[in-house]
Amino acid sequence: DDWNGTHSVGSLGSDTYYVIVSDASGCSIIDTVLIEDQDGGLYYVSNQGDNSNDGSTASLAFETIEYALTQVCDQDTIILLDGIYYEDSLHVTTELVIASEYLLDLDTSHISNTIIDGDNDGWIMAWEAGSSSWSDTTSNQLVGLTIRNGNSTNSSYAGGLSVWDHRSLTINHVRFENNSNTLNQGGALWSRYNSRLNIQSSVFNQNSTSQNGAAIFADRPWMIMNNVEFVNHSSGYDGALIRTQGTKYLQTKKVRIAN
């Protein structure tokens, strides 16, 4: 019991729970709370939306990705409607799928029409959810969109996307364009220590770094790349396209370089 009048219990599963409140005289009030399993929910974001909406439909979409990330649970999906989202410093701490409408209708036009744009004002996204298991690349996905104009001046983050230590992510039909890191390695993508990456049908174009790995820098990665294209990259040191150190697993197929 807490003297400030509150008591918290975390990690409760879906079920009916009894809440009992007693005062100093011994008088008690009993109520019930029903927690429903909401895993697998679908939420929408539109740059014409409103964060006072519930995000449950395209017409009731949230306005920002940042806000949507505070409203989701594990196994949920966030659908970004076509548009440019000028956002940066996005922390993904929940196992989920972030995708354009490509995920729903397989229309490839959504890839170039759904853009997270850092406006050269900061790094764009850090994926900090999941574990270092290949199975988690199913519940952690980035699908069918463009990440561009990320600019990292923080030595801990790539300009575009950082996948955190011991995490797993599928990157599917994603374009990384004009992302830069002026303080460290990884212009577009930094796979931090012992992460697992499944990169499918994606393009890295005109990313840069002042150090290594303008497209990808990976530290002891487990990585699959299939149908991936690299175009026009520059770095201050070696590894203008990809720089890995202590690679644990690497499988490539149909990797094209036009640098």
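Residues satisfying the side-chain contact (heavy atoms from CB on, under 4.5 Å) test with Ser210, not counting sequence neighbours, are none. By the side-chain hydrogen bond (donor to acceptor under 3.5 Å, both in side chains) test, Ser46 pairs with no residue at all, sequence neighbours left out. Listed by chain and number, the residues in a side-chain hydrogen bond (donor to acceptor under 3.5 Å, both in side chains) with Asn205 amount to none (sequence neighbours excluded). For Phe176, the ring-ring contact (aromatic ring centres under 6.0 Å, His included) criterion is met by Phe204, not counting sequence neighbours. The side-chain hydrogen bond (donor to acceptor under 3.5 Å, both in side chains) search around Asn53 returns none, not counting sequence neighbours. Take Arg196 and apply the side-chain hydrogen bond (donor to acceptor under 3.5 Å, both in side chains) test, not counting sequence neighbours, and it matches no residue.
Two residues are said to be in side-chain contact when any heavy atoms from C-beta on lie closer than 4.5 Å; Tyr193 and Trp164 fail this criterion. Side-chain atoms of Asn149 and Asn179, non-hydrogen and from C-beta on, never get closer than 4.5 Å to each other. The closest side-chain heavy-atom distance from Ile98 to Gln141 is not below 4.5 Å. With a 4.5 Å cut-off on side-chain heavy atoms, Arg256 and Phe230 do not count as touching. Looking at Met223 and Tyr249, their side chains never come closer than 4.5 Å, going by heavy atoms from C-beta outward. Between Ile216 and Arg243 the shortest side-chain heavy-atom distance does not fall below 4.5 Å. Contact check for Leu142 versus Trp127: side-chain heavy atoms found under the 4.5 Å cut-off. Counting heavy atoms from C-beta on, the side chains of Lys254 and Val228 never come closer than 4.5 Å.
Applying the ring pair (Phe, Tyr, Trp, His ring centres under 6.0 Å) definition to pairs two or more places apart or across chains, those involving residues 71-99 are His91-Trp123. For residues 143-156, every residue pair satisfying the salt bridge (Lys or Arg N to Asp or Glu O under 4.0 Å) rule, not counting sequence neighbours, is listed here: Asp117-Arg148. Contacts classified as salt bridge (Lys or Arg N to Asp or Glu O under 4.0 Å) and involving residues 156-182 (residues at least two apart or in different chains) are given here: Asp165-Arg192, Arg175-Glu177. Listed by first and then second residue, the salt bridge (Lys or Arg N to Asp or Glu O under 4.0 Å) pairs involving residues 85-111 amount to none (not counting sequence neighbours). Within the structure, no pair that satisfies the salt bridge (Lys or Arg N to Asp or Glu O under 4.0 Å) test touches residues 217-227, not counting sequence neighbours. Applying the ring pair (Phe, Tyr, Trp, His ring centres under 6.0 Å) test to every pair with at least one member in residues 52-79, sequence neighbours left out, gives these pairs: Phe62-Tyr67.
Here the CG-OG distance, from Asp82 to Ser109, works out to 6.0 Å after rounding to the nearest 0.5 Å. Interatomic distance, Ser152 OG to Gln185 CD, rounded to the nearest 0.5 Å: 10.0 Å.
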Just do the side-chain hydrogen bond (donor to acceptor under 3.5 Å, both in side chains) check on Ser52 and Asp50 with the steps written out, would you? CA-CA 5 Å; Ser52 64; Asp50 192 312; 2.7 Å; yes
Passes side chain to side chain contact (heavy atoms under 4.5 Å, CB included), Ile111 versus Val203? Steps please. CA-CA 11 Å; Ile111 300 170; Val203 177; over 6 Å; no
side-chain hydrogen bond (donor to acceptor under 3.5 Å, both in side chains) evaluation trace for Ser180 with Asn151: CA-CA 5 Å; Ser180 64; Asn151 179 24; 3.1 Å; yes
Step by step, work out the side chain to side chain contact (heavy atoms under 4.5 Å, CB included) result for Gln211 and Asn181. CA-CA 8 Å; Gln211 296 192 20; Asn181 189 339; over 6 Å; no
List the steps, then state whether side chain to side chain contact (heavy atoms under 4.5 Å, CB included) holds for Leu69 with Val92. CA-CA 7 Å; Leu69 289 172; Val92 181; 4.3 Å; yes
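Under the side-chain contact (heavy atoms from CB on, under 4.5 Å) rule, Tyr44 has a single partner from Leu60, Ile78, Thr77, Leu81, which is Leu81.
The heavy-atom pair separating Ala215 from Ala188 by the smallest distance is O-CB, 3.3 Å. Closest approach of Ser162 to Ser156, counting heavy atoms only: OG-O, 4.4 Å. Of all heavy-atom pairs spanning Thr247 and Pro221, the tightest one is CA-CD, 3.7 Å. Between Asn154 and Leu183, the shortest heavy-atom contact is N-CD1, 4.0 Å. Here the closest heavy-atom approach between residue Val163 and residue Ser195 is recorded as O-OG, 3.5 Å. The shortest heavy-atom contact between Ile116 and Leu90 is CG2-CD1, 4.4 Å.
Met225 and Val174 fall within the same hydrophobic cluster, defined by Ile, Leu, Val, Met, Phe, Trp and Tyr side-chain heavy atoms under 4.5 Å apart, directly or through other members. Each of Val143 and Trp134 belongs to its own hydrophobic cluster when Ile, Leu, Val, Met, Phe, Trp and Tyr are linked at side-chain heavy-atom distances under 4.5 angstrom. There is a path of hydrophobic side-chain contacts, each under 4.5 Å, that joins Tyr43 to Ile79. Under the 4.5 Å side-chain heavy-atom criterion for ILVMFWY residues, a single connected hydrophobic cluster contains both Leu42 and Ile65. If you chain together hydrophobic residues whose side chains sit under 4.5 Å apart, Ile84 and Leu80 never meet in one group.
A side-chain donor-acceptor contact under 3.5 Å links Asn51 and Thr64. No hydrogens or angles considered: nothing links the side chains of Lys253 and Asn227 as a donor-acceptor pair under 3.5 Å. In summary, the side chains of Asn198 and Thr137 do not present any donor paired with an acceptor at a separation below 3.5 Å, with no hydrogens or angles considered. Remark: the Asp74 side chain and the Thr94 side chain contain no N/O donor-acceptor pair separated by less than 3.5 Å. Side-chain N/O atoms of Thr170 and Asn172 include no donor and acceptor closer than 3.5 Å. Side chains of Asn212 and Ser235: no donor on one and acceptor on the other come within 3.5 Å. Under 3.5 Å, the side chains of Ser131 and Ser133 contain no donor-acceptor pair of N or O atoms.
The backbone N or O of Val72 sits nowhere less than 3.5 Å from a side-chain atom of Asp76 that would complete a donor-acceptor pair. No donor-acceptor pair closer than 3.5 Å links the side chain of Asp31 to the backbone N or O of Ile20. Checked by atom type and distance alone, the side chain of Ser89 never pairs as donor or acceptor with a backbone atom of Ile124 at under 3.5 Å.
Annotation for Glu66: atom CD does not count as buried by contact number, only 12 or fewer foreign heavy atoms lying within 6.0 Å. In this structure, Leu106 places its CG atom where more than 12 heavy-atom neighbours from other residues, nucleotides or ligands lie under 6.0 Å away.
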